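Each remark here refers to the structure printed beneath this line.
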Number of protein chains: 2
Amino acid sequence: MIMLQIGEFSKVCQVSVKTLHHYDKLGLLMPAEVDRFTGYRYYRTEQIDTMNYIQRLKRYGFSLEEIQHIISLSDNRVISARLRQQKEKLKHEQQERAIILNELQTHISVFERTGDIMTYQKSYTIEVKNSPAMNVLANRAMMGVDEFGKYYGMLFERVPKEQVTPTGLNGARYFDEEFNHESSDVEVFIEIKEKEKADIILEPQECAMTVHRGGYSTLSEAYGAIVSWIIENGYEYAGAPFELYIKTQFNSPSPEDWETEVYFPIKKK
Amino acid sequence: MIMLQIGEFSKVCQVSVKTLHHYDKLGLLMPAEVDRFTGYRYYRTEQIDTMNYIQRLKRYGFSLEEIQHIISLSDNRVISARLRQQKEKLKHEQQERAIILNELQTHISVFERTGDIMTYQKSYTIEVKNSPAMNVLANRAMMGVDEFGKYYGMLFERVPKEQVTPTGLNGARYFDEEFNHESSDVEVFIEIKEKEKADIILEPQECAMTVHRGGYSTLSEAYGAIVSWIIENGYEYAGAPFELYIKTQFNSPSPEDWETEVYFPIKKK
DNA sequence: TGTTGACACTCCTGTAAGGTCAGGGTGTAT
DNA sequence: ATACACCCTGACCTTACAGGAGTGTCAACA
């Protein structure tokens, strides 16, 4: 039986000896034999395949722990499902990064035109105005940002059933003081024409408001701008802030065209 | 002067208090004032902008250390250059990931067709044959994989000067036993017709050889397959292995169409 | 004036996937 | 006998924080 010392095995697989030590300790890939006296590790040539498989899964973005789990699976359908899921995750990440890349691109050109690195992000104009009156179907729950779509879906399912007419204006209210990406107390809503069929009638209210242009990853900048305006102008909060999605992915594929109105109910101190 | 306590500042900026502690310790974003007796941190509203800027740079993929450095820069040209460089890096990463995604896609479909997770990667047919005789222009140096293009460029520059005729066949030889992605002793070469003008004349040699189909991130699997074949069939190494790039990005934009021949000089033990 | 609850502080440990020593044993060739 | 390549373990380092323990601060309410 031909056995490879760790150094040779590491060269063949093109991974470091340290990595092999690490995998051994984790139990992810253990040498076929270990000399009881010297502790020397010996690998079999078949283990090269396993190693390649591991490296492959690593490239696919699995953690070592997940890899260990996947390797232990025997049901092909489960493995397949897991791979497909990972594929969706990678796709999603690709999209996110494409958006960031676009933002960086825009940032660079604005910066080179204005000479001010901050211009791009602090160009919010804050207005004081009454929020619009709206009759809405609403759905309040603890949810993460990724689940917005799901909750909107639930609202739109009610449209034909309850014979209401959406105006096309959608939004969300945030009831938690602190915003958490994974889970916050959020109410998503869609405006409808029929006042009598509405879940909630949102009355006009004095608000500090601004328009955020661009993808949602930078929305917190709009919030920051409003909040500092509120503080500096001697107002205070008077309710849950909300957003209206004016232009979204349904209007334009590129995030820099999107528009979101951010409203913060306020009152004079 | 209005000051924000850490909790409020964290909500406005949508970062955790922990993060603010962390940035304070690093000196990346220090509170405008710290109570000398209680240690309480107080932030100014202007610092919201700075925080947004930091978060932005973070999204662009800079490390906190780099961000600290960038913020300290005053020369706009330097900042601009740094942003552009980062943009290129992100672009490059996007491409790499697109390739991986493609690979995963292929892997899934092969797996679902064959029911064997390994099929996709271990389908190398090893042949014993003589490597082709070649007259080549060559360039040997310590280089990283990312620099291959540069060294090929240097070779192709010589083509008109030295009036040689490339056949279109290119390759690389690896002189280091252990392959290192950042720096290895590599010789890149291009085949030419004119024997008398060649830097090196590669003589035919008995080799274990296989064809690798797909992107270069999985080339080590081909090496693994050959090496285990060599060991199991009682041969041993007899020189530096090399690759011939048969189909590359110039033939097809999608990596799954690429073809690389891998040769390992061998002799019977 | 005492207590409660929200908020703040510091310090310690942990994460993922190894890298980088330090200190020492093993095996073969000269 | 010694050089040199190769192997071992164990401890600490990296990034960007998160979590928790134990303790202090502050304003409001009884």
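Model, not experiment: these values are computed from the prediction. In what follows, chains carry the letters A, B, and so on, assigned in the order in which the sequence lines appear, proteins first and then strands, with residues in each chain numbered from 1.
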Can you build the contact string for nucleotides 19-30 of chain C? Use B for base contact, S for sugar-phosphate-only contact, and - for no protein heavy atom under 4.0 Å. BB----BBS---
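Annotation: the terminal axes of the helix from C:dT1-D:dA30 to C:dT30-D:dA1 meet at 30°, where each axis is the rotation carrying the C1' atoms of four end pairs onto the next four (5 pairs per end, rounded to 10°).
Under the 4.5 Å side-chain criterion, counting only non-hydrogen atoms from C-beta, B:L64 is in contact with B:Y23. Side-chain contact between B:R82 and B:E66 is present, with at least one heavy-atom pair separated by less than 4.5 Å.
The side chain of B:K58 places an N or O atom within less than 4.0 Å of a non-bridging phosphate oxygen (OP1 or OP2) of D:dC17. Taking side-chain N and O atoms only, A:R41 has a distance below 4.0 Å to OP1 or OP2 of D:dT9.
Between the C1' atom of D:dG24 and the CD1 atom of B:I6 lies a distance of 15 Å, rounded to the nearest Å. Atom-to-atom, NE2 of B:H22 to C1' of C:dT10 comes out at 16 Å; the value is rounded to the nearest Å. For the pair B:Q68 CD and D:dA16 C1', the interatomic distance rounds to 13 Å; values are reported in whole Å.
Ring orientation note: the planes of B:Y60 and A:H107 are nearly perpendicular, at an angle over 60° on the 30°/60° scale.
In terms of heavy-atom proximity, A:E103 sits nearest to A:S217 at OE2-OG, 3.2 Å.
For B:Y223, the side chain to side chain donor-acceptor pair (under 3.5 Å) partners are B:E243, not counting sequence neighbours.
Between A:K268 and A:E206 there is no salt bridge, since no side-chain nitrogen of the basic residue lies less than 4.0 Å from a carboxylate oxygen of the acidic one.
Rounding to the nearest 0.5 Å places NZ of B:K87 at 10.0 Å from CG of A:N102.
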Test salt bridge (charged side-chain N to carboxylate O under 4.0 Å, His left out) on B:E93 and A:R97; report intermediate values, then the result. CA-CA 10 Å; B:E93 287 175 8; A:R97 271 187 284 253; over 6 Å; no
